[in-house]
Each structure stands twice: as C-alpha cells, then as structure tokens.
Amino acid sequence: MSKLTPVLSAHWDDKDSFTIAGYSRHGGYSSFKKALAMEPDAVIQIVKDSGLRGRGGAGFPTGTKWGFIPQGDNREHYFVVNADESEPGTCKDTPLLMANPHVLIEGIIIGSYAVRANHAFIYIRGEVSHVVRRLLQAIEDAYKAGFLGKNILGTGFNLELTLHIGAGAYICGEETALLDSLEGFRGQPRLRPPFPAIAGLYARPTVVNNVESVASVPAIIEKGAEWFSSMGSEKSKGFTLYSLSGHVKNPGQFEAPLGITLRELIDLAGGIRNGNKLKFWTPGGSSTPILTSEHLDIPLDYESVDAAGSMLGTKALQIFDETTCILRAVLRWTEFYKHESCGKCTPCREGTWWLVQMLGNLENGVGTEEDLAKLLDICENIGGRSFCALADGAIAPIISSLKYFRDDYLAHFKNGGCPIDPVASTLFVSAKVGA
Amino acid sequence: MSYDEKTNGQMDAIIARYPRSRSAIMPMLHLIQSRDGFVTPTGIEFISEKLGLTTAEVYAVATFYSQYKRKPVGEYHVGVCTNTLCAVMGGDAIFAGLKDHLGVGNDEVTNDGKISVEHIECNAACDYAPVVMVNWEFFDNQTVESAKTLVDDLRSGKNPAPTRGANKVSTFKETSELLAGFNDGHAEEGVQAGPATLLGLKIAKEMGAQL
C-alpha cells in the first residue's frame with residue numbers, strides 16, 4: 001500500500017484544477033451544501049471529532065478553536081484565513097492555492113457558517129502575483145455561482161469574502177499581528193489574552209486558521225470524521241502536506257498521513273543528492289530546532305517531534321547535506337529574524353541585532369570558545385520575553401546547532417574563517433555531477 | 001494633489017470591501033504604487049484625506065512593509081531569495097552575479113530604469129530553489145547564467161514567461177494594481193502546478209493510489 005495519501009493534492013495534475021469547473025468535476029462544492037443543511041454546532045462537532053489540528057505550525061485543534069467563538073452574543077463574528085506563508089522552508093499553501101483556490105473557499109464557507117460569521121477574509125502575502133490572480137478569479141466565480149453573497153443557495157446564510165493582500169512582513173503570519181495589519185495598522189503582535197476568539201478583528205470574536213487547515217475541512221465533511229481520524233497517529237490525525245526542499249534528489253510536495261518518517265520521505269524524494277550524507281534538517285521551518293541524521297526514524301507527528309526536542313511546525317523539511325556550513329545557515333536565518341522583528345519588544349529588536357553581529361564574527365573566524373557561551377546567554381535573555389514567538393524562533397537554530405555541531409563552530413576559529421567551500425552546496429554543482 | 005476619476009473610483013471600491021475604512025490602507029498604498037511607481041507624498045496625503053487620518057498615521061503603515069517603496073524601482077523589480085535554503089543552493093551566487101552584471105547594488109535601479117534588484121526573504125517556493133522573483137512572479141530553479149539571461153531579456157523587451165505564472169511578466173505598476181485587489185484577467189494563464197508540486201501525487205499514482 002502506498003505511504004502517500006493524496007487528498008488535497010489528488011487532482012492537482014488536471015490542467016484546469018484551479019477553475020470552478022475543474023474543482024466541481026471531482027465533487028467540489030458539494031460538501032458545503034451538506035454542511036449548510038446541518039446545525040452549525042453539528043459542523044463544529046464533526047471537525048472536533050476528526051481530530052484536525054492547525055496546519056500553520058502550532059497544531060491547535062481546529063474544531064476546539066471554532067468552539068471558542070461565543071454564540072448568541074449579538075456581535076459580528078469574523079472568519080480569517082492566514083495565507084501569509086513566510087516561515088523559511090514553508091512552501092505548501094502557495095502551491096495549494098495556485099492549483100486549487102476553490103477548496104479553500106469551500107472550507108471558508110463551511111467554517112464561517114459553523115462559527116456564525118458573515119464576513120470572511122483571506123490574508124495572502126503580497127509577493128505571489130499569480131496566486132493573488134487565481135484567488136481573485138476564484139472568489140469572483142464563487143460569487144457568480146451563488147456560493148458567496150446574500151442568501152447562499154436559498155439557505156438564508158450570508159457570507160462576504162474579501163481577499164486582503166499583504167505587503168511584505170513575515171510577522172503578519174502571527175495571528176494577532178495579522179489582525180492589526182488587516183485593520184490597517186503596522187503588523188505588530190498583540191498581548192494575549194484576550195485571544196482572537198473573544199476580541200479579534202475589530203475587537204470581535206474571530207477565528208484565524210491556516211490555509212491547509214481550512215482546505216482540509218470539505219473532505220472531512222464529505223467523508224466523515226472517522227475517515228479522517230483513521231489516518232495518522234494517535235494524537236495527530238489525518239493527512240498533511242510535507243514539503244521537502246534542499247539537498248534531496250527530487251524536492252517536492254508529499255501528502256501523507258501524519259507520522260511518516262523523514263527516512264521514508266527522503267526515499268520517495270530519490271535520496272540525498274549525489275549520494276551525499278544528510279547533515280541537518282528542519283522539521284517545520286527555521287523556527288523549529290534543527291535535527292540530524294540521528295532523527296531519521298522519528299514519526300513526523302506533533303508529539304514525536306516535540307519529544308525529540310523540536311516541533312512539527314509547518315512540516316517544511318529543509319534538507320542540508322554535508323557540503324553545508326552550519327554556521328552560514330544559522331547566520332542567514334538570524335539575519336532573517338533581525339530583518340523581520342517588528343521592533344515592538346526590546347529583547348527581540350535588540351537581541352537579534354546582537355546575535356547577527358556575533359554570528360557574523362564567528363563565521364569569519366573571529367572569536368573564542370567563550371563567545372559561544374555568550375551567544376547562549378543572549379539567547380536565554382531573548383527566549384520567552386516577547387509578545388509573540390518570533391524571538392523564540394530566532395534562537396531555535398542557534399541553540400540547536402550548538403547542541404549538535406559545536407565542533408563546526410570551533411573549526412571556524414581554528415581555520416580563521418569558514419572551512420567549507422560555498423560552491424559545493426549549490427544546485428549548480430549537483431546538476432554538473434548528475435549530468 | 002489629485003488622481004484621475006478612475007483611480008478615485010478604485011479607491012472608493014477598496015474602501016467598500018471592508019466593514020471599517022481604515023482597513024483599506026494597504027490596498028490603497030498598492031494602488032498609489034500602480035500610479036506613481038512608489039509611495040509618493042502626494043499618495044500619502046490622498047489616502048489620509050480619503051480615510052480621515054493624519055499623514056503620519058499613513059506613513060507609519062507605509063514604512064512598515066517592505067513591498068512599499070519610498071523611491072522608484074525598475075519597471076521589472078527582481079527579487080533574489082537569499083534566505084538560508086535558497087542562498088545555499090545558489091541564491092548568494094545569483095545575487096552577486098546579477099549585481100555585477102547590471103552594475104547596481106542592492107535596492108538600486110539600472111540607468112535605463114528597467115531593472116532593480118533586491119535580496120528577498122523566503123518566498124514559499126523552496127522546492128524550486130534557488131528562486132528569483134520578477135514583479136512577484138516565480139522563476140524557479142535558477143542559475144547565475146539563467147538569471148543574467150532573464151534580466152537581459154527583460155531589458156530588451158523580450159518578456160520571458162515565468163515558470164509558474166502568467167504568460168508574461170506585468171510591469172511593476174501593473175502588478176501593483178493587481179496587488180490592490182483588481183483582477184487583471186490573467187488567472188487562467190500558466191500552469192496549474194510545477195513538477196515539484198506534483199511529485200508526491202505522481203509517485204502515489206505509480207504506487208497504485210486510487211483517486
């Protein structure tokens with residue numbers, strides 16, 4: 001039996017998969033009709049029973065989140081989709097939306113109905129022109145078909161859907177920063193509580209869900225909670241998109257039950273390129289502590305990756321072979337966090353600048369072993385001391401790389417600079433070897 | 001301080017999308033860039049009057065987001081991903097090669113106003129690394145040579161098709177109007193997915209998955 005379970009990706013190889021006709025051909029837009037004939041609470045219950053957990057990184061149960069929205073409060077509710085995919089290594093929502101924007105729209109209709117929201121928003125990052133086009137067209141077509149707007153298919157349910165296009169800020173992937181940005185402010189995280197379920201967009205009860213989470217809902221409504229929860233591991237149910245990038249022979253998207261291992265995925269991707277050895281990898285983006293070849297057989301579900309000292313995150317598996325300098329990789333990620341720190345909290349704003357300076361010196365061979373202790377000390381003073389998790393993400397690669405590759409750091413001092421040739425790690429080299 | 005009737009109408013259409021008008025700032029700033037090529041003081045004043053905000057409040061938003069430009073960029077704005085994975089896979093070499101080839105630094109424009117270059121952060125296409133964006137269209141699996149050819153073609157008006165995108169690259173101003181939320185009618189163009197996107201599906205089918 002195949003280890004792979006294409007559901008979201010099942011029809012991406014149809015040339016017109018992104019059109020309303022292409023989506024409808026395979027049963028698309030039938031789930032929401034089923035959902036709209038049910039009580040909203042019954043819809044929430046199905047999603048709860050399925051065990052679906054947030055695919056944006058945190059893994060919070062989606063149905064439970066929906067259940068937090070107060071009912072009978074006579075206030076507007078909002079349903080917001082986080083499509084601001086920017087976590088380094090993460091590249092699943094973007095191809096999903098390019099290939100099939102309608103599955104997200106159908107999920108939004110179902111979710112909005114369940115939480116009694118009459119206005120939904122998709123917050124898409126601004127750096128993906130063609131995905132923006134496909135979403136704009138899909139929303140227009142869904143309105144024309146009568147799936148959005150007033151009194152949808154005569155059910156009495158009204159839903160407006162607005163595409164909000166960002167303008168380049170990683171921090172807006174953080175849900176409260178996203179809401180501030182959507183309200184027309186600088187995208188800076190809010191102090192919680194109150195959580196968005198109580199005071200979200202315009203201080204109204206709001207659900208914020210990741211694209212893949214919402215896109216998984218139509219199949220759950222169609223095939224049932226039991227079908228979904230029959231896949232995956234004990235506490236991490238269902239299927240998900242794993243994104244393999246970097247030094248594998250064939251990078252790409254793999255939809256599989258939660259709990260598949262990296263060894264299995266690398267095998268499907270044709271192995272590490274040129275017969276090289278795996279050096280380090282991220283399980284779910286750069287904010288999740290790196291792992292090594294020791295961890296190839298860990299089930300890639302929320303609990304098992306936690307137990308190994310990292311996080312499943314967005315399942316963005318960035319693979320680096322032995323040609324990669326760990327210090328170069330970590331420095332570059334740290335520069336990213338420095339650039340993307342919104343500046344609200346001092347430990348993050350100032351701390352990431354110090355980290356970049358120190359790591360830059362170390363990469364150039366300037367420093368001593370004492371500096372490694374100082375680096376960890378700064379990390380300790382940054383972690384857990386900010387409004388949001390950006391700072392915690394910033395220190396993850398540093399702390400984890402020092403745990404596994406301390407000798408590589410030391411080699412830079414002995415060598416008076418980076419001992420590794422950067423050319424060896426490029427794609428161009430593998431193309432030459434492969435030719 | 002004035003914009004034509006069409007622009008004014010588009011501004012009103014943007015405001016109408018939202019329950020509260022202030023939410024319209026970001027698409028309005030994209031629309032200003034579609035007219036002026038960058039966020040001009042005139043544009044800021046226009047938005048502040050439309051929304052009943054101070055210019056400082058609008059500037060505060062405009063300066064937070066990296067896609068809003070404070071000075072003109074090229075007709076084709078080229079972004080080279082130099083976040084870790086793309087950098088390691090060749091993004092650093094591509095970025096250095098392009099700057100050298102064009103004779104410009106980061107965030108600078110060629111003398112003919114055609115091309116500007118910027119190093120960008122992760123653009124959600126890591127399975128196609130190294131990635132180059134032109135006006136936020138994907139050019140996948142680039143090399144130093146292919147990126148040089150790409151900018152040469154753009155300068156000479158050849159307008160190459162993105163790997164996954166519309167049939168041709170829109171100008172920076174045209175793209176900015178799209179990012180203000182106005183459909184340019186090119187959604188049907190281009191592939192639905194690239195080979196890396198389809199790899200898992202292809203293997204599943206080879207293994208006999210019934211879909």
Side-chain angles (χ1 to χ4, degrees), chain A residues 2 4 6 9-10 12-13 15 17-18 85-86 88-91 94-95 98-99 119 126-130 132-134 136-137 140 162-163 165 167-170 182-187 202 243-246 250-255 268 286 318 324 329 332-333 336 339 422 425-428, chain B residues 17-20 22-27 29-30 60-61 64-68 83-85 87-90 92-93 121-127 129-130 133 135-138 141 143 164-166 175 178-179 181 183-184 186-187 190 192-193 196-201 203-204 207-209 211:
Chain A
S2 169
L4 297 170
S9 61
W12 286 357
D13 53 353
K15 297 277 177 223
S17 64
F18 58 87
E85 184 168 64
S86 317
T90 309
C91 50
T94 299
M98 194 181 281
H119 201 150
E127 298 104 323
V128 286
S129 299
H130 208 49
V132 167
R133 268 186 207 108
R134 293 245 160 112
L136 284 171
Q137 188 64 50
E140 274 183 40
T162 302
L163 184 68
I165 301 150
Y170 166 70
L182 185 48
E183 289 184 8
F185 294 89
R186 294 161 75 87
Y202 312 127
S243 313
L244 254 77
S245 60
N250 307 307
Q253 305 296 322
F254 298 86
E255 200 173 358
L268 291 168
S286 58
Q318 305 176 86
T324 315
R332 196 55 62 88
W333 277 323
F336 164 77
H339 181 255
S425 64
T426 63
L427 179 73
F428 329 138
Chain B
R17 291 175 197 159
Y18 298 96
R20 300 193 188 179
R22 183 169 176 142
S23 289
I25 289 188
M26 292 179 68
L29 285 164
H30 280 305
V61 175
F64 186 81
Y65 301 91
S66 60
Q67 278 182 280
Y68 299 134
N83 199 295
T84 298
L85 190 114
V88 163
M89 300 287 284
D92 277 355
E121 298 299 352
C122 185
N123 220 97
C126 316
D127 44 351
M133 308 297 294
N135 292 341
W136 311 114
E137 296 274 16
F138 289 108
N141 299 124
T143 64
R164 291 172 295 138
T175 302
L178 173 72
L179 299 183
N183 190 347
D184 62 7
H186 297 296
Q192 84 288 5
T197 306
L198 296 175
L199 181 60
L201 176 60
I203 294 172
M207 287 174 161
L211 304 171

Tell me which of these, A:T324, A:D13, A:N250, A:T90, has more heavy-atom pairs under 4.5 Å with chain B than the rest. A:D13
Pick whichever of B:E121, B:R164, B:M133, B:R17 has the most heavy-atom pairs under 4.5 Å with chain A. B:E121
Are A:V128 and B:F138 side-chain neighbours, meaning at least one heavy-atom pair lies under 4.5 Å? yes
Note, A:F254 side chain near B:I203 side chain (heavy atom, < 4.5 Å): yes
Which heavy atom of B:Y65 sits nearest to which heavy atom of A:R186, and what is that distance? OH-C, 3.7 Å
Correct closest heavy-atom pair for A:A169 and B:F64 would be CB-CE2, 4.1 Å
Measuring heavy-atom distances to chain A, does B:T197 have an atom under 4.5 Å in its side chain, in its backbone, in both, or in neither? both
Could you tell me which non-hydrogen atom of A:H130 sits nearest to which non-hydrogen atom of B:H186, and how far apart they are? CE1-O, 3.5 Å
Among residues at least two apart in sequence or on other chains, which ones pass salt bridge (Lys or Arg N to Asp or Glu O under 4.0 Å) with A:E183? A:R190
For B:D92, what residues pass the salt bridge (Lys or Arg N to Asp or Glu O under 4.0 Å) criterion, not counting sequence neighbours? A:R328, A:R332
Quick one: does B:D184's side chain get under 4.5 Å of A:R133's, heavy atoms only? yes
A:F185 versus B:R22: any side-chain heavy-atom pair under 4.5 Å? yes
Without swapping roles, check the side chain of A:Q137 against the backbone of B:N183 for a donor-acceptor pair under 3.5 Å. no
Do B:M26 and A:I165 have side chains that get closer than 4.5 Å, going by heavy atoms? no
Atom pair OG/CG of A:S9 and B:L199 - distance to nearest 0.5 Å: 10.5 Å
When you measure from the side chain of B:S66 to the backbone of A:G168, do you find a donor-acceptor pair of N or O atoms at a distance under 3.5 Å? yes
Non-hydrogen atoms of B:D127 and A:S245 that approach each other most closely: N-CB, 3.9 Å
Considering all heavy atoms of both residues, which atom of B:H30 and which atom of A:A167 are nearest to each other, and what is their separation? NE2-CB, 3.9 Å
Closest approach of A:L182 to B:S23 (non-hydrogen atoms, all atoms of both residues): O-OG, 2.6 Å
May I ask you to name which of B:A93, B:G90, B:P130, B:P27 has the most heavy-atom pairs under 4.5 Å with chain A? B:G90
Give a yes or no on whether the backbone of B:L178 and the side-chain of A:S129 come within a donor-acceptor separation of less than 3.5 Å. no
Using non-hydrogen atoms and a 4.5 Å limit, figure out which bit of B:A87 sits close to chain A: side chain, backbone, both or neither. both
Using non-hydrogen atoms and a 4.5 Å limit, figure out which bit of A:L244 sits close to chain B: side chain, backbone, both or neither. backbone
Under a 4.5 Å heavy-atom cutoff, which of B:G181, B:A166, B:A129, B:A125 has the most pairs with chain A? B:A166
Quick check for you: among A:S243, A:P95, A:G89, which has the greatest number of heavy-atom pairs under 4.5 Å with chain B? A:G89
Looking at B:L85, is its backbone amide N or carbonyl O close enough to the side chain of A:Q318 to form a donor-acceptor pair, meaning the two atoms are under 3.5 Å apart? no
Just by distance, do the side chain of A:Y170 and the backbone of B:C122 share a donor-acceptor pair under 3.5 Å? no
Donor-acceptor contact present, side-chain B:N123 to main-chain A:E127, <3.5 Å: yes
Toward chain A, the part of B:I25 with a non-hydrogen atom under 4.5 Å: side chain
